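All of these numbers come straight from a predicted model, not from anything done at the bench. Convention: sequence-line order gives letters A, B, ...; per-chain numbering from 1. Values reported hereafter were calculated over all heavy atoms of this structure, with side chains retained and with hydrogens, waters and symmetry mates removed.
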Amino acid sequence: MADRRYDPKQIEPKWQAVWADEHTWEVSNEAIGHPGADPRAKSYVLEMLPYPSGEPHIGHLKNYALGDAIAHFQRRLGRRVLHPMGYDAFGLPAENHAISTGVHPRRSTDESIAAFQQAFRSWGISIDWSRELATHEPSYYRWTQWIFVRLFERGLAYRKEAAVNWCPHDATVLANEQVIDGHCERCGAAVEVRQLEQWFFRITDYADRLLDDLDTIEWPAHVKAMQRNWIGRSHGAEVTFRCEELGIDYPVFTTRPDTLFGATFFVMAPEHPDVFRLAQGTAREQEVHEYVNHALAESPELRGAAEKPKTGVPLGRTVTNPLTREQIPMFVSDYVLMEYGTGAIMAVPAHDQRDYEFATAFDLPIRAVIAPAGDADHDADHPPADQAFVAHTENERLINSGEFTGLNAVAGQQAIVDWLDREGLGHASVHFRLRDWLVSRQRYWGCPIPIVYCERCGMVPVPEADLPVELPDVRDYQPRGRSPLAAAERWVNVKCPSCRGDARRETDTMDTFVDSSWYFIRYCDARNYAAAWDRPVVDAWMPVDQYIGGVEHAILHLMYARFFVKAFADLGLVGFQEPFRALFTQGMILGPDGQKMSKSRGNVISPTPIVERLSADAARCYVLFIGPPDQDAAWSETSLEGVHKFLARLWRLGDQLAASEGRESADQPPDPAGDDLAVVRKANWAIEKVTGDLLGRFAFNTAIAAVMELVNEIYRHPGAGADARRFATATAASLIFPFAPHLGAEVYELVTGRRVWEEPWPDADADMLHADTFELVCQVNGKVRDRVSAPTGAAREQLEQLALATRGVQAHVDGHEIARVIVVPDKLVNVVVR
RNA sequence: GCCCGGGUAGACAAAUCGGCAAAGUCGGCGCUCUUAAAAAGCGCUGCUCGAACGAGCAUUGCGGGUUCGAGUCCCGCCCCGGGUACCA
């Protein structure tokens, strides 16, 4: 007996084999549609699917340890838990690897997937493997293509020529969301603007719903804020300015139509299609050409710098301010963006910082039309440039605004918009920052777009029976401004599905975010070979009850997935509006130096050696114990050892009890006293604490600390009887199981002979949570002066008497007058003296 | 600039509803077991006085306020991290 030791090398594979052989974590769809077949409520627990590249890193371990703890907890609360796994298998890293080595991306991807599967099994994550999927398999992307066709038929997938972001390094276009500070999100190369015809998804149709429905889901406030920011809804008006000389109307969008009287000039973006036409034949023509060419050549990054001085050129034309009938000069300037609003603005220099800077540089009139709140004798001739725009409230009022003078800003806005509407010169309007989602990519390793171009029939979607359009093998993965697929002539040339004439396939592939925008639905019905999914099955499992992932997906993935679900709902494919009812965003694990882990810094910690040296349980517990799970935390090797020691301590308790008599019961012993009582109380306290920490709070760090306290308490009471020790040890094993499933299962079996995952989550015995007496804190003027034992539930008067009688209170009350006494039952007494 | 996080012992952290600040882990010190070491177990670990029991004092980035009582609420700042920005 003496040399028995905690041996994870033996314990962990043993339990993993049991769970694999018995398919313990699989849930079937059979109960769906058969009332009463399985009365348990469902719970869909999902971590964001990994991109399989090399081996999983420490961030994956945290993500899946977190989700697994929630899944185990939910199961033991009696829920039917769906907890699947898959791989986001298309993507650029595998393709870039193929370019440099010639290895087919499918091969390297499948190798990575095998490494991930192996890791997840060795970590003991409770996955329903029967639903496993990978987005690069034809059995999956067949349905990605099917979805594309549904969106195409609905007009939600369309082609248009537009100024798009082009990454010269990856030789592909990028979605707006994939451009970070003018650089490619993936490779960091400076993004260029190109005019190209591309595929888009009409996500802007859903802008209002994507914004409004944020109120219906339990997501972290900062993630919602980021989405709101990205959608960027602005309420205002569209106002028409007419160029009389050429007879053309130019609508502009403004959030402040109440300042229309202050619009003293008009500015167009360099990209505006009418710029050259307007300048033609004027004295400024040459100058305009030079300015525009220079502006277009400038990198988006440089151009976007806010501190840049304002530049521009007059167009030599004027437009009419619809309200004042004044002729105001037109300019072209790069501070106006073509992609927002109409690509032209009315400039109100008195009330807009940017317009003010421009007006100052070009010596243009500045006319104040809004007086700030409480500013009775506002100097209209010398207005502050940025003050009046601070707010838009009923306290500001219009000045210098003809018949509208005197109205407050809110009423003035309404009155001016109404007037414009009557005159046919404008109307109330809402604008969004959100752009349509550009989904075509000129790359190889992605899902082919299932469209055929026929000279006679035009764009024809590939019929469902011909799906999937399989990705052909190619010899050369090098991107050359068009997809490598374009070189696969035999694949490109097809017969038109409609007229059987000669036709060509679309050679672009889809953005990989398309693949991951619906995988959570496929999990529900993963082995359905006849359809993407059956609606009743999906409606039964969805939405995901708890989604877990990194905050880096706050905009891209989470916005696209929400859009897809809303589009599916409109197509009658699903009966819900939001994919993820609750979201938890985990913090990053930083290197031991507190810096973000990266190969170049050399501070990368890999989970594999830790699992091999200590155990999967230690690695899992540590990443949860390291700190609040939603915050970043630096890796610490010594703290990891501490967690391992704790697990070994718990195992030894179980091992000692395995040799003892009376193994058949691990129930709470009746009427415990002395050491027994202390240990039994602590066990109940731990049940209460861990349960509270897990229910919605995700305070895994304090939950594990509570089990540590329980184990410490058992060690500190060696005099406790076997029954009490057995109960307390079984409770510790039961509570640690969601975090350290192998050890939890092993110790629980040692002590009780039973399987912990088949046991319900323990309930605390309310009688054991409160002692008969408590330590009454006795304060004088808020400072602790003594403590005394008092009966739980004692009357206020009794507590006051007890406190006043203590030596510490006496010493500080003596010689003073007692002003009042505050009593907090079962806690403290505060004597206030003068 | 704006919007979020965060700032508590030597380190990481806890304090969930305004009620004993510092649970837990690491590190440090001491002890037990041992020929010894490791492992394991126990205790101490803000400051001052004290051998000890104990006593006193201080303390949650800084400055103010509300309150019998503030890490927690309010006002004004400082520092660190993240997101975002000529968005009309």
Side-chain angles (χ1 to χ4, degrees), chain A residues 5 180-181 220-226 228-230 232 234 236 252-256 259 263 267 269 303-308 310 333-337 339-348 351-355 357-358 386 389 431-434 551-552 554-555 587-588 590 594 596 622 625-628 630-643 645-646 648-649 652 689 692-693 695-697 699 701-709 712 715-716 718 775-784 787 808 811 819-824 826-833:
Chain A
R5 280 178 46 239
I180 312 292
D181 288 337
H222 66 280
V223 176
K224 288 189 185 184
M226 284 163 80
R228 285 199 186 97
N229 208 325
W230 190 264
S234 305
V252 302
F253 176 72
T254 176
T255 52
R256 295 299 299 264
T259 63
V267 192
R303 183 177 158 184
E307 319 77 41
K308 205 177 89 161
K310 295 285 174 285
S333 172
D334 63 1
Y335 84 92
V336 175
L337 307 176
E339 44 306 352
Y340 189 80
T342 61
I345 61 157
M346 66 179 215
V348 184
H351 303 294
D352 181 279
Q353 184 63 34
R354 297 153 299 173
D355 297 344
E357 288 167 17
F358 192 86
D386 43 4
F389 243 118
H431 264 69
F432 294 91
R433 206 186 88 112
L434 183 70
V551 73
E552 65 273 17
I555 295 170
M588 263 187 305
L590 308 171
K596 202 169 166 171
Y622 176 63
F625 181 69
I626 192 167
D630 56 337
Q631 278 175 37
D632 294 350
W635 183 260
S636 156
E637 202 67 27
T638 48
S639 291
L640 172 67
E641 301 286 344
V643 169
K645 251 161 51 178
F646 152 70
R649 272 159 74 81
R652 273 203 309 281
K689 173 73 179 154
D693 283 350
L695 278 175
R697 218 165 79 92
N701 51 332
T702 51
I704 293 170
V707 184
M708 287 175 170
E709 280 195 64
N712 290 345
Y715 271 89
R716 270 196 290 264
E775 193 177 59
L776 179 69
V777 173
C778 308
Q779 299 181 330
V780 178
N781 285 352
K783 286 188 189 254
V784 180
R787 292 156 211 273
R820 54 191 287 210
V821 180
I822 311 280
V823 180
V824 182
D826 293 343
K827 276 223 173 78
L828 61 78
V829 171
N830 186 16
V831 183
V832 185
V833 299

Would you mind classifying the nucleic acid contact of [X] as base, sugar-phosphate or nothing, using non-hydrogen atoms under 4.0 angstrom?
| X | answer |
| --- | --- |
| A/T254 | sugar-phosphate |
| A/F646 | nothing |
| A/V777 | base |
| A/L640 | nothing |
| A/K689 | base |
| A/V336 | base |

Identified pairing partner of [N], criterion: Watson-Crick or G-U wobble below 3.5 Å:
| N | answer |
| --- | --- |
| B/rG81 | B/rC4 |
| B/rG19 | B/rC68 |
| B/rA40 | B/rU32 |
| B/rA58 | none |
| B/rA14 | none |
| B/rC87 | none |
| B/rA51 | none |

Considering only side-chain heavy atoms of [X], which listed nucleotide, [options], is closest?
| X | options | result |
| --- | --- | --- |
| A/P628 | B/rC42, B/rA13, B/rA88 | B/rA13 |
| A/T702 | B/rA88, B/rG24, B/rA14 | B/rA14 |
| A/A705 | B/rC68, B/rA23, B/rC42 | B/rA23 |
| A/M708 | B/rA21, B/rC42, B/rU25 | B/rU25 |
| A/E709 | B/rC42, B/rC26, B/rA23 | B/rA23 |

When the [atom1] atoms of [N] and [M] are considered, how many whole Å apart are they?
| N | M | atom1 | value |
| --- | --- | --- | --- |
| B/rG81 | B/rU72 | P | 24 Å |
| B/rG19 | B/rA9 | C1' | 23 Å |
| B/rC73 | B/rU66 | C1' | 8 Å |
| B/rC4 | B/rC74 | P | 13 Å |
| B/rG18 | B/rC3 | C1' | 28 Å |
| B/rC12 | B/rG6 | P | 16 Å |
| B/rG61 | B/rA70 | P | 15 Å |
| B/rU25 | B/rU45 | C1' | 15 Å |

How long is the gap from [atom1] on [X] to [atom2] on [Y], to the nearest 0.5 Å?
| X | Y | atom1 | atom2 | value |
| --- | --- | --- | --- | --- |
| A/F358 | A/R354 | CZ | CZ | 13.0 Å |
| A/Y335 | A/E357 | OH | CD | 9.0 Å |
| A/T254 | A/H431 | OG1 | NE2 | 11.0 Å |

Check the phosphate of [N] against [X], side-chain N and O only, distance under 4.0 Å to OP1 or OP2. Yes or no?
| X | N | answer |
| --- | --- | --- |
| A/R652 | B/rG41 | yes |
| A/R697 | B/rA14 | no |
| A/N712 | B/rA23 | no |
| A/S234 | B/rA88 | yes |
| A/R433 | B/rA85 | yes |
| A/N701 | B/rA14 | yes |
| A/K596 | B/rG81 | no |
| A/R354 | B/rC87 | yes |
| A/R649 | B/rC42 | yes |

Mutual orientation of the aromatic rings belonging to A/F253 and A/Y340 [parallel < 30°, tilted 30-60°, perpendicular > 60°]:
perpendicular
Parallel under 30°, tilted from 30 to 60°, perpendicular over 60°: which one fits the rings of A/W635 and A/Y622?
perpendicular
Gap between atoms [atom1] and [atom2], on [X] and [N] respectively (whole Å):
| X | N | atom1 | atom2 | value |
| --- | --- | --- | --- | --- |
| A/N229 | B/rC3 | CG | P | 11 Å |
| A/Q353 | B/rC86 | CD | P | 15 Å |
| A/Y715 | B/rA40 | OH | P | 10 Å |
| A/E637 | B/rG27 | CD | P | 12 Å |
| A/I555 | B/rU84 | CD1 | P | 6 Å |
| A/M226 | B/rG5 | CE | P | 13 Å |
| A/H431 | B/rA88 | NE2 | C1' | 10 Å |
| A/Y622 | B/rC26 | OH | P | 11 Å |

For A/N712 and A/R649, test the side chains for any donor-to-acceptor distance below 3.5 angstrom and give the result as yes or no.
yes
Taking [X] for the side chain and [Y] for the main chain, is one N or O donor matched with an acceptor at less than 3.5 Å?
| X | Y | value |
| --- | --- | --- |
| A/N781 | A/V833 | yes |
| A/S639 | A/S636 | no |
| A/D632 | A/G587 | no |

Which way is the base of B/rC17 turned, syn or anti, if we draw the line at 90° from 0?
syn
Quick check: on RNA chain B, is the nucleotide nearest A/G692 upstream (toward 5') of the one nearest A/D355, or the reverse? Name the residue that is more 5'.
A/G692
On RNA chain B, check which nucleotide each of A/F432 and A/A699 is closest to and give me the residue with the more 5' one.
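Looking at the nearest nucleotide for each, A/A699 comes out on the 5' side.
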